[in-house]
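Bear in mind that the values here come from a model prediction, so they are computed numbers and not experimental data. All chains are named by letter (A, B, ...) in the order of the sequence lines, taking the proteins before the strands, and each is independently numbered beginning at 1.
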Number of protein chains: 2
Amino acid sequence: MTLPRKTEPPAAAGRTKMEDIARIAGVSVSTVSRALAGSSKVTGETRARIEAAVRQTGYVVNQVAQGLRLQRSRQILVLLPTIANPFFGEIILGVEEAAQAAGYSVLVGSTEGDLEREAALARQLHTGGVDGLILLTGRIPDGLADHAARGQVIAVSETIPGQHLPTVVIDNEEAAAAATTYLRRLGHHNIAHIAGPEGNVLTAQRVRGWRRIVGDAAGPPVFGAFTMDSGAAAMTRLLARPNRPTAVFCANDEMAIGALKAAHLAGLRVPEDLSIFGFDDITFAAFTDPPLTTIRQPRREFGHAAIAALLAGTPPPRLAFTLVERASTAAPR
Amino acid sequence: MTLPRKTEPPAAAGRTKMEDIARIAGVSVSTVSRALAGSSKVTGETRARIEAAVRQTGYVVNQVAQGLRLQRSRQILVLLPTIANPFFGEIILGVEEAAQAAGYSVLVGSTEGDLEREAALARQLHTGGVDGLILLTGRIPDGLADHAARGQVIAVSETIPGQHLPTVVIDNEEAAAAATTYLRRLGHHNIAHIAGPEGNVLTAQRVRGWRRIVGDAAGPPVFGAFTMDSGAAAMTRLLARPNRPTAVFCANDEMAIGALKAAHLAGLRVPEDLSIFGFDDITFAAFTDPPLTTIRQPRREFGHAAIAALLAGTPPPRLAFTLVERASTAAPR
DNA sequence: TGGCGACATACAATCGATTGCACGCACACG
DNA sequence: CGTGTGCGTGCAATCGATTGTATGTCGCCA
């Protein structure tokens, strides 16, 4: 006969577990589990004893064990290009709020454009690490087909080409058209566009909206990289054009801020000599000099809608943008 | 005799597990586990068969099960006041980089100043959800004493009063003194200070550094809330003082940006009429008009150092700040 | 007083991995 | 030819929870 051997677990954590509660309350773990789950089968005095034991010890269930048994982790992973960008920050804030309210927590993966890293993070879906994936990257890592089909993946802010993924977005083309129309109504006839990087879906959509209003006679857009530096560089190129624009629609606020700086350096006054229009309405947009006229994307609501759609399994509604009028735009002289 | 009953697990996930690999390779799960762990006990042809099976199926270990058995989750939780703030964003970026390199992933909890929420998130340490906790909140939730003692908790950017917690910071008092000294050397004699909220540790440290240089004759600092709005309000109050300062040292860049705006609105030119000095060197500081002179905190390195200290269990080194000279400061006229 | 039903509680299997120990097999040596 | 040495592999316990089924208890009625 062999003695029962034990495979020693690593460094006993010593945390209170359900078994301890059971012992203190004088019941079995099953009963404790049911009591905590709110089952109506555990009542009266027994339930009271269990609750007392829980309070006394400060017990909280072990989420890892629970996750293993229930095959869900109550965690959502957000994948984004870079977290050091206030635009994403506020989306995450919304995600956090909604997730927390639903009893989920949020993992953040900043991929820095590295496909390898993206894939590694997305693998968490396989490994049981997370229940859902929110993509702010504008692309989807390989091997996520089944998960996507099961409604565990959702895109936010940017549609992903060639995928029928539920997506939380505004109508970017309409928003760009609205911005351009606004400038036109002010009396501008030469409206340039500082676009995002070529090949990007958002870039294409916003270029399309702008083009619809300015027509083919207008020159090509100048492409940037959604950064302040690239906005400044783009503006410098625009100012060198033979017929200088009187207004510039920028594909995001950061590039608009860069453009503003370049305009100032060139000795132009905004909005007297040049109108500048942004996109996103990040917090800083209200504090530039002059404050930026821009399109506001409801970023917190993006986050809320993403979680709601993910947890309910229903397709998210398309959200509305707002035109925020500030002082960086005016009629041309 | 009773038949073995099964307690049905929820919706069989159908993912490949170690057992599948074992079957395909014709060995037991223990051998697979050892092979994957890199044990030298599994060699030659057996190992080759296992590796082939893994490649063929695209198997990845289930982190939840592994976490349960090993009593560790390979996850680090970062607690911060609000994620919609570029200052924290870059710290998280650093945390992410270092964590990922060490095979850890990062959970982000934005507490919005809610103590309840902070405690709920911190509870993850008990529940096995995370292995370590990084606090950017400037305070520590209750009931973390043992964890702190075990080196699972570290503070970043802000020391936590009354706790001997390993902390990643610059010398804030020295930095404030350096900023004020810089202004004094430019020839300013009336240097005001827009401070953070009263009661905050950082506020106190920076006020102390400023005070050390300006002496007791200078008036009291004006308190703000680290936001652009509060910076603007504080500046407005300063401008109403009988002897208007010729330079203002702000406790962070956001308040400096607000101050800049208020100064402009009041018709003052910066730096000709008024010098403004910031703190942190957030990305936007280089793009204000004029660009902000400021103290740079090495935020990415904060993140790296925090992870290094957490994983190695060694106290982090104190990091160095840099004075970044830009155009918002000049000699008084 | 015996039997039946309703209700509360306990037992044990299960999630997917890790690991101490036992065991099998091959080879060598006495 | 029997036993010792050593290496590689398998068995089964374990992490902490959930849950289908069995069991126990009590009351009520005939």
Side-chain angles (χ1 to χ4, degrees), chain A residues 1-23 25-50 54 59-74 126-129, chain B residues 1-23 25-50 54 59-74 126-129:
Chain A
M1 146 170 188
T2 52
L3 289 176
R5 298 142 289 172
K6 314 200 159 203
T7 71
E8 208 57 33
R15 278 272 131 224
T16 351
K17 44 187 182 175
M18 209 171 257
E19 196 187 310
D20 302 323
I21 304 297
R23 191 164 3 84
V27 296
S28 77
V29 289
S30 353
T31 304
V32 176
S33 173
R34 274 188 261 262
L36 294 183
S39 158
S40 60
K41 303 192 113 187
V42 184
T43 56
E45 207 247 340
T46 307
R47 167 160 240 128
R49 277 208 318 278
I50 293 174
V54 168
Y59 169 80
V60 265
V61 328
N62 183 310
Q63 306 223 14
V64 178
Q66 194 179 51
L68 177 59
R69 172 69 226 223
L70 296 182
Q71 296 291 300
R72 67 163 163 54
S73 60
R74 293 192 154 277
H126 305 278
T127 68
Chain B
M1 149 171 186
T2 52
L3 289 176
R5 297 140 290 173
K6 315 199 159 204
T7 71
E8 208 56 32
R15 279 270 132 224
T16 347
K17 45 187 183 175
M18 208 172 256
E19 196 187 310
D20 302 322
I21 304 298
R23 191 164 3 84
V27 294
S28 76
V29 288
S30 351
T31 304
V32 175
S33 172
R34 275 188 264 261
L36 295 183
S39 158
S40 60
K41 303 190 115 185
V42 185
T43 56
E45 206 248 340
T46 307
R47 166 160 239 128
R49 276 207 320 278
I50 292 174
V54 168
Y59 169 80
V60 265
V61 331
N62 183 310
Q63 307 223 15
V64 178
Q66 193 179 52
L68 177 60
R69 173 69 227 222
L70 296 182
Q71 297 290 299
R72 68 161 163 56
S73 60
R74 294 194 153 277
H126 305 278
T127 69

Separation of atom [atom1] in [X] from atom [atom2] in [N], rounded to whole Å:
X: A/Q71; N: C/dA13; atom1: CD; atom2: P; result: 19 Å
X: A/E19; N: D/dT14; atom1: CD; atom2: C1'; result: 12 Å
X: B/L36; N: C/dT19; atom1: CG; atom2: C1'; result: 14 Å
X: B/R69; N: C/dT19; atom1: CZ; atom2: C1'; result: 6 Å
X: A/M18; N: C/dT9; atom1: CE; atom2: P; result: 15 Å
X: A/Q63; N: D/dT18; atom1: CD; atom2: C1'; result: 15 Å
X: B/R72; N: D/dT14; atom1: CZ; atom2: P; result: 21 Å
X: B/E45; N: D/dT9; atom1: CD; atom2: C1'; result: 14 Å

*Give the nucleotide from the list D/dT19, C/dT19, C/dA17 with an atom nearest to the side chain of A/L70.*
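Nearest listed nucleotide: D/dT19.
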_Which nucleotide wins on minimum distance to the side chain of B/A65, given the candidates C/dT19, C/dA17, D/dT19?_
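My answer, after comparing the listed nucleotides, is C/dA17.
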Got a sec, which residues hit salt bridge (Lys or Arg N to Asp or Glu O under 4.0 Å) with [X], two or more places apart in sequence or on another chain?
X: A/R49; value: A/E45
X: B/R72; value: none
X: B/R47; value: B/E51

Going by side-chain contact (heavy atoms from CB on, under 4.5 Å), name the residues that satisfy it together with [X], two or more places apart in sequence or in a different chain.
X: B/V60; value: A/R123, A/H126, A/T127
X: A/V64; value: A/N62, B/V64, B/L68
X: A/S30; value: A/S28, A/R34

_Lys/Arg-Asp/Glu bridge criterion (N-O < 4.0 Å) met for A/R23, A/D20_ =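 Salt bridge flag = yes for A/D20 with A/R23.
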_A/Y59 side chain near D/dG16 phosphate (N/O to OP1/OP2, under 4.0 Å)_ =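 A/Y59 to D/dG16 OP1/OP2: no side-chain N or O under 4.0 Å.
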*According to a strict under-4.0 Å criterion, is B/Q66 in side-chain N/O contact with OP1 or OP2 of C/dG16?*
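So the side chain of B/Q66 is outside the cut-off, no N or O lying under 4.0 Å from OP1 or OP2 of C/dG16.
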_Five pairs per end, C1' atoms only: what is the angle between the end axes of the helix from C/dT1-D/dA30 to C/dG30-D/dC1, to 10 degrees?_
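About 80° separates the two local helix axes.
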*Output the distance between atom CD1 (B/I50) and atom CD1 (B/I21), rounded to the nearest 0.5 Å.*
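The distance works out to 9.0 Å.
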*Among residues 27-34 of chain A, which residues get a heavy atom nearer than 4.0 Å to DNA chain C?*
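Correct list: A/V27, A/S28, A/S30, A/T31, A/R34.
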_Could you check whether any side-chain N or O of B/S73 sits under 3.5 Å from a backbone N or O of B/G129, counting only pairs where one atom can act as donor and the other as acceptor?_
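Confirmed, B/S73 side chain pairs with B/G129 backbone.
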